[in-house]
Every structure is written in structure tokens, then in C-alpha cells.
Amino acid sequence: MSTANHTGGFHHAHHFDSAEHQYESSKQGIWLFLVTEILMFGGLFVGYSIYHSLYPQVFHAGSKQLSVVLGALNTVVLLFSSFTMALGINYVQRGMRNKAIIALAVTIACAAIFMVVKFFEYTHKFHVGTVPGKYAYTEELSASGEKVTKVGALLAEANKLSVVEREHKLHLDETEYEHLTLLEKTKNWPLFFGFYFVMSGIHGLHVLAGAFLIFWVLLKVIKNQVGPEYYTPVEGVGLFWHVVDLIWIYLFPLLYLVG
């Protein structure tokens, strides 16, 4: 059965021949948009592959600074959100309005959890100085005239402290201290974090955009503007959300497990 049907009171826009024509055009439009999204991330994946082959030691040392636990948590959260989004679409199609509202609300909550986890990840990266490009360096110069990285400055301060003082004052445990030491010895290490922040940052923006779109769809469900006879907006937003989740499935091993 078409998602756009005259018998349910839905009337297609004047520039379409029929409700079925409008539905098919909408589906083609969302798929074309998703292709452009995949092309964009595909370019990033190609760039990642090239630089990883040129500087494998940089990506190995850089990935050690990422929390596999937090990355895995976000993976589980997004996979569960895909499930609740699919449930929401199914409930709208079957006219189960209250269940659809709950499923879509849970999906938005999952997006919020994902972004909160990313916030803690990002703030810690800025705290220890594992950031890309020129932002990884201080104003100081070493004895040899080279720029001092923020990681190097932090390690210099950490070396003056005991293990207990290091954890209390600098919030560095012994494992992270060892990983930062390895990172600082690796030439061009900010390169990895350039890829990390760009790829995860763009993906994070898509998660935020998806959350707002799901909220928009949720309002339509609450207002009873979508249902068994017209659910094209819900289906389109669902497709976008599934692609966002799929991209993270690739980002997680590339960024967090490459080491």
C-alpha cells in the first residue's frame, strides 16, 4: 500500500500527478541526498587510507589516546537507536501512535547520550593537548629550536610529580601517561587527530541534525499529521538516521581500533 493515499485524506501537491508520484519522488530525493552523504564520507575514508599507509606509526600511537570503552558505548547506543527508529516507523505505519511517540523519543535520547559521550571525549583531548594542527603546539621553543607540543609540556610537568600527584593534579593515570609518552616520541602525531576531529566532528553534526529531524517527525506524530496512510517524512528521516549509524560502524574501528 502506498504511504500517500487519497482515501486517508492526504492530498498530493499540485506539481505531482498523483499521491503515488509524490511518494516515489520523495523516496528518490532522499536516496539521492544519502548518496551525496556517502560520497562525502567516502572521500574522508580514502584520505584516511592514504595517510594511514604513509604514516602507520602515527595512527597506531594516536588511536592509543582514544577510549575504546567510550567508543564501544557509543556504538551500542547508535545501534539501539537504529532499532528504536525502525520501531517508530513501524508503529506509525500500523497506526500505533503512542508507541511511535515513545520509540522516537527514545531515539532522540540515544542521540543525546551519544553527544554527551563525545563532549567528554573532546574535552579530555583538549585537556591533554591531543588536538590537530597548530593547536597541538605551545608558544614555547625547545633547546633545539623546535616548537613544543602541549603534550610535551604536559609530560614535562608530569615528570616532576609522583604517580599519585600526577593522577590528582593532572588527572593522568599511568596507562595514559605511557601512551602520551609514546605519542610524543612519534613524529607528526597531530595528523591523526586532524582525521579524528574532522571525521568524528562531521559525524557528530549529522547526529545533531538527525536528532532535530526526528524531533520534527515526533511533533508530526503527536499532532496526528502522519499515520498509516501517510508516513513519508518518518520513513525519509529514518533512512537518514540509519546511514548516520552505518557511518559510525566504519568510524569506530578506523579511529578507535586501528592501534
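FYI, side chains are in, hydrogens and waters are out, and symmetry mates aren't considered; it's all heavy atoms of this structure. When a residue number appears, it is its place in the shown sequence, counting from 1.
- With sequence neighbours excluded, the residues satisfying side-chain hydrogen bond (donor to acceptor under 3.5 Å, both in side chains) with R94 are N90.
- Between V217 and V226 the shortest side-chain heavy-atom distance does not fall below 4.5 Å.
- A distance of 9.5 Å separates NE2 of H52 from CD of Q57, quoted to the nearest 0.5 Å.
- Y91 and L239 fall into different hydrophobic clusters, defined by Ile, Leu, Val, Met, Phe, Trp and Tyr side-chain heavy atoms under 4.5 Å apart, directly or through other members.
- Put simply, the side chain of E235 never gets that close to the backbone of I89: no donor and acceptor are under 3.5 Å apart.
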Self-check item: side-chain contact (heavy atoms from CB on, under 4.5 Å) between D245 and F83, intermediate numbers included
Solution: CA-CA 11 Å; D245 293 350; F83 172 67; over 6 Å; no
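- Looking at heavy atoms from C-beta onward, T36 lies out of side-chain contact with L32 at the 4.5 angstrom threshold.
- Within a 6.0 Å radius of NE2 in H168, no more than 12 heavy atoms belonging to other residues, nucleotides or ligands are found.
- By the side-chain hydrogen bond (donor to acceptor under 3.5 Å, both in side chains) test, E176 is found to be paired with H124, residues two or more places apart in sequence or in another chain being considered.
- Sorted by first and then second residue, the side chain to side chain donor-acceptor pair (under 3.5 Å) pairs involving residues 199-218 (not counting sequence neighbours) are E37-H206, Y122-S200.
- At a threshold of 4.5 Å between side-chain heavy atoms, the hydrophobic network of Ile, Leu, Val, Met, Phe, Trp and Tyr places L79 and I113 in two separate groups.
- Linking ILVMFWY residues whenever their side-chain heavy atoms come closer than 4.5 Å, directly or via other members, leaves F212 and I101 in distinct clusters.
- Grouping the Ile, Leu, Val, Met, Phe, Trp and Tyr side chains by contacts below 4.5 angstrom, directly or via other members, places L246 with F33.
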Practice problem: With side-chain contact (heavy atoms from CB on, under 4.5 Å) as the test, would you mind laying out the steps for L104 and M85 before giving the verdict? | Solution: CA-CA 6 Å; L104 293 174; M85 187 70 215; 3.7 Å; yes
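- Remark: E167 engages no residue in a side-chain hydrogen bond (donor to acceptor under 3.5 Å, both in side chains) (not counting sequence neighbours).
- Other residues, nucleotides and ligands contribute only 12 or fewer heavy atoms inside 6.0 Å of the CZ atom of F215.
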Quiz item: Going through the checks in order, is the side-chain contact (heavy atoms from CB on, under 4.5 Å) test met by L251 and F45?
Solution: CA-CA 9 Å; L251 288 179; F45 290 145; 3.6 Å; yes
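- Put simply, the side chain of I30 does not reach to within 4.5 Å of the side chain of T232, judged on heavy atoms.
- Here E174 pairs with R166 under the salt bridge (Lys or Arg N to Asp or Glu O under 4.0 Å) rule; sequence neighbours left out.
- Nearest heavy atom pair, residue V131 against residue F193, reads C-CB, 4.0 Å.
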Exercise. Dump the intermediate steps for side-chain contact (heavy atoms from CB on, under 4.5 Å) on Y55 and K187, then the final yes or no.
Key: CA-CA 9 Å; Y55 306 100; K187 190 177 180 181; over 6 Å; no
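- Annotation for V116: hydrophobic cluster partners, listed by chain and number, are F119, F120 (ILVMFWY side-chain heavy atoms under 4.5 Å, direct or chained).
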Distance-only criterion, 3.5 Å: show the donor-acceptor pairs between side-chain atoms of residues 67-76 and protein atoms not counting sequence neighbours.
{"unit_1": "S67", "atom_1": "OG", "unit_2": "L70", "atom_2": "N", "d": "3.2"}
{"unit_1": "T75", "atom_1": "OG1", "unit_2": "G71", "atom_2": "O", "d": "2.8"}
{"unit_1": "T75", "atom_1": "OG1", "unit_2": "W248", "atom_2": "NE1", "d": "3.0"}

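- Both L208 and V237 belong to a single network of hydrophobic side chains, linked directly or stepwise wherever heavy atoms of I, L, V, M, F, W or Y lie under 4.5 Å apart.
- F192 has its side chain out of reach of Q65: every pair of non-hydrogen atoms, C-beta onward, lies at least 4.5 Å apart.
- Residues V148 and A153 approach most closely at CG1-N, 4.1 Å, considering heavy atoms.
- When hydrophobic side chains of Ile, Leu, Val, Met, Phe, Trp and Tyr are connected at separations under 4.5 Å, Y137 ends up as a singleton with no cluster partners.
- Applying the side chain to side chain donor-acceptor pair (under 3.5 Å) rule to pairs touching residues 150-159 yields N159-Y177, sequence neighbours excluded.
- Residues passing the side-chain hydrogen bond (donor to acceptor under 3.5 Å, both in side chains) test with S53: none are found, sequence neighbours excluded.
- Here Y51 pairs with F195 under the ring pair (Phe, Tyr, Trp, His ring centres under 6.0 Å) rule; sequence neighbours left out.
- For an aromatic pair to be called close, the ring centres must be under 6.0 Å apart, and F197 with F126 satisfies this.
- Taking CD1 of I108 as the reference point, atom OG of S81 lies at 11.0 Å (rounded to 0.5 Å).
- In this structure, the separation between CG on L254 and CZ on F252 is 11.0 Å, given to the nearest 0.5 Å.
- Rounded to the nearest 0.5 Å, atoms SG (C110) and CE (M115) are 14.0 Å apart.
- A distance of 7.5 Å separates NZ in K185 from CG in L182, rounded to the nearest 0.5 Å.
- Aromatic pair F59/Y48: ring centres closer than 6.0 Å.
- Within the structure, every pair that satisfies the side chain to side chain donor-acceptor pair (under 3.5 Å) test and touches residues 102-118, not counting sequence neighbours, is listed here: T84-T107, K118-E121, K118-Y196, K118-Y256.
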